[in-house]
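Take a look at the structure set out below.
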Amino acid sequence: MAPALEAQVQQEEQSLPHNNNFYNTLNDATHRSKVTVIGSGNWGSVASKLIASNTLRLPSFHDEVRMWVYEETLPSGEKLTDVINRTNENVKYLPGIKLGQNVVADPDLENAGMEVKMEGPCMISTLISQQLGINCSVLMGANIANEIAVEKFSEATVGYRNNKEVAERWVQLFYTPYFIVTAAQDVEGVELCGTLKNVVAIAAGFVDGLEMGNNTKAAIMRLGLREMKAFSKLLFPSVKDSTFFESCGVADLITTCLGGRNRKVAEAYARNGGKRSFDELEAEMLQGQKLQGVSTASEVYEVLSHRGWLELFPLFSTVHEICSGLLPPSAIVEYSEKLPRSF
């Protein structure tokens, strides 16, 4: 998975909104491009490590990689950016991993949010393209940050629109022998896979918390993938079936449902019978990191309700209703009785 990452390739430094993917401005290939990673959680830090190892050897990029850091004061009283720049390590979100001497932590960046409309989501890649007039690509995949940090083999998918050369430059920037990156001409499909899989991971966590077993979890994952595909294609008919078989699709879904933070917190929620809120569990268990699945489920539910699609997506609907306290966690396996025959 690739949350909390944006990377902007540019010739001159400029601010970029803080969201959960990466975006790019690509200039003439004859110029050296600068790279900025926007986000410094565990994945943002891993991305900086990957990119920094490549900018040192690729003549088309400046050596220095700037990483935007949401400034925090550590228990020692030091600023997080100061510690990162002194130790070359994100001691809070990726301790024990050297980022590369050419990574510079920088807290100076304006924040923005993302517009979500009832009639459908405003894709972050589209929002960035429209607001800044730049070419945007998206990186998603089955890649838990802590595993990549210690250089275990992983894969990812770059989603691009029309320019294959742009996509290949992103592949070149991220690719290492242990981090294999491929390109897919389907920005919306890649981005939606990376977003919607978190809702399914919440459902998988409920199953784990209730100790329902692997058969049930596998069924939930399969049904979740089906709803991911159907929801994506209803909103964006251009989404390709093949995208769901890339790393950003089924592989990321499997990884997130087995080991992601959404699954972990949802398991705790179910074990507590829904009596402890997700906000409370998030604060206790994630040490500053954020869940994506609960808020995404709420946003998806709003779209489904507005369009009259709730009955078409019983898993997505049920996840939100459990998260909001309308149903008990055990309802996650009862929703299938509502599944319409035509779905």
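Computed from a predicted structure; not experimentally measured.
- Here salt bridge (Lys or Arg N to Asp or Glu O under 4.0 Å) pairs that include residues 283-296, with residues two or more places apart or in two chains, are Arg276-Glu284, Glu282-Lys290.
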For residues 229-239, which side-chain N or O atoms pair as donor and acceptor with protein atoms under 3.5 Å away, sequence neighbours left out?
unit_1, atom_1, unit_2, atom_2, d
Ser232, OG, Met228, O, 2.8
Lys233, NZ, Val239, O, 3.0
Lys233, NZ, Asp241, OD1, 3.2

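- Sorted by first and then second residue, the salt bridge (Lys or Arg N to Asp or Glu O under 4.0 Å) pairs with a member in residues 122-136 form an empty list; sequence neighbours excluded.
- Between Trp68 and Tyr70, the angle of the ring planes goes over 60°, which puts this pair in the perpendicular group of the 30/60° scheme.
- Within 6.0 Å of the OH atom in Tyr178, the count of heavy atoms belonging to other residues, nucleotides or ligands exceeds 12.
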Assess whether side-chain contact (heavy atoms from CB on, under 4.5 Å) is satisfied between Glu302 and His320, documenting all intermediate values.
CA-CA 10 Å; Glu302 187 176 8; His320 169 70; over 6 Å; no
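- For Phe278, the ring-ring contact (aromatic ring centres under 6.0 Å, His included) partners at least two apart in sequence or on another chain are Tyr269.
- Judged as a side chain to side chain contact (heavy atoms under 4.5 Å, CB included), and not counting sequence neighbours, the contacts of Glu147 are Ile144, Lys152.
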Exercise. Show your working on side chain to side chain donor-acceptor pair (under 3.5 Å) between Asn85 and Thr81 and close with a plain yes or no.
Key: CA-CA 6 Å; Asn85 288 329; Thr81 50; 5.5 Å; no
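- Among residues two or more places apart in sequence or in another chain, the side-chain hydrogen bond (donor to acceptor under 3.5 Å, both in side chains) test is passed with Asp208 by Lys217, Arg263.
- The only option from Asp108, Thr36, Asp106 that meets the side-chain hydrogen bond (donor to acceptor under 3.5 Å, both in side chains) definition with Arg66 turns out to be Asp106.
- Taken to the nearest 0.5 Å, the CG atom of Asn146 stands 13.0 Å off from the OH atom of Tyr93.
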